[in-house]
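Comments concern the structure below.
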Amino acid sequence: MDKRSLQHVAGRFRESEQRTEILRQELAEAIRQAALDGVLQKDICDATGYTRQQVRRIVNAETSTDD
């Protein structure tokens, strides 16, 4: 592996981290909207794989921060 190849892979990794953060924020907003729409917490957990505590934190964060 040469330096240029390593830089390329590292750059792809950084881009992936940025996309992941955007998707995480989108998912958090979708969870908040689902809660507002009356989707049961159990169903949100089933759909996302998050625990009830994680879902509560995300939903409750709406009033205090972006996430």
Side-chain angles (χ1 to χ4, degrees):
M1 168 92 35
D2 60 14
K3 182 179 178 181
R4 185 175 181 173
S5 297
L6 182 58
Q7 287 173 327
H8 175 74
V9 172
R12 288 180 51 217
F13 178 76
R14 283 189 295 276
E15 290 170 4
S16 174
E17 286 180 316
Q18 291 170 347
R19 286 191 306 271
T20 298
E21 178 60 22
I22 291 167
L23 291 171
R24 187 190 64 76
Q25 291 174 12
E26 289 178 10
L27 179 56
E29 184 54 38
I31 288 170
R32 289 184 197 108
Q33 187 59 54
L36 287 173
D37 291 345
V39 177
L40 297 176
Q41 187 181 69
K42 176 193 177 302
D43 292 334
I44 294 172
C45 293
D46 288 345
T48 63
Y50 285 0
T51 65
R52 288 178 178 262
Q53 182 60 32
Q54 288 171 305
V55 170
R56 273 192 295 274
R57 285 181 186 153
I58 291 167
V59 171
N60 292 336
E62 178 181 26
T63 57
S64 59
T65 64
D66 289 341
D67 205 312

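- In this structure, the separation between CZ on Arg19 and CD on Glu26 is 12.5 Å, given to the nearest 0.5 Å.
- Going from atom CZ of Arg24 over to atom CD of Glu17 covers 13.0 Å, rounded to the nearest 0.5 Å.
- Between the side chains of Glu21 and Gln25, at least one donor-acceptor pair of N or O atoms lies under 3.5 Å.
- Taken to the nearest 0.5 Å, the CD atom of Gln53 stands 10.5 Å off from the CD1 atom of Ile58.
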Just distance, no hydrogens or angles: give the donor-acceptor pairs under 3.5 Å from side chains in residues 39-47, sequence neighbours left out.
{"unit_1": "Gln41", "atom_1": "OE1", "unit_2": "Arg52", "atom_2": "NH1", "d": "3.0"}
{"unit_1": "Lys42", "atom_1": "NZ", "unit_2": "Asp46", "atom_2": "OD2", "d": "3.0"}

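- For the pair Ser16 (side chain) and Arg12 (backbone), a donor-acceptor distance under 3.5 Å is absent.
- Considering OH of Tyr50 and CG of Leu27, their distance stands at 4.5 Å, rounded to 0.5 Å.
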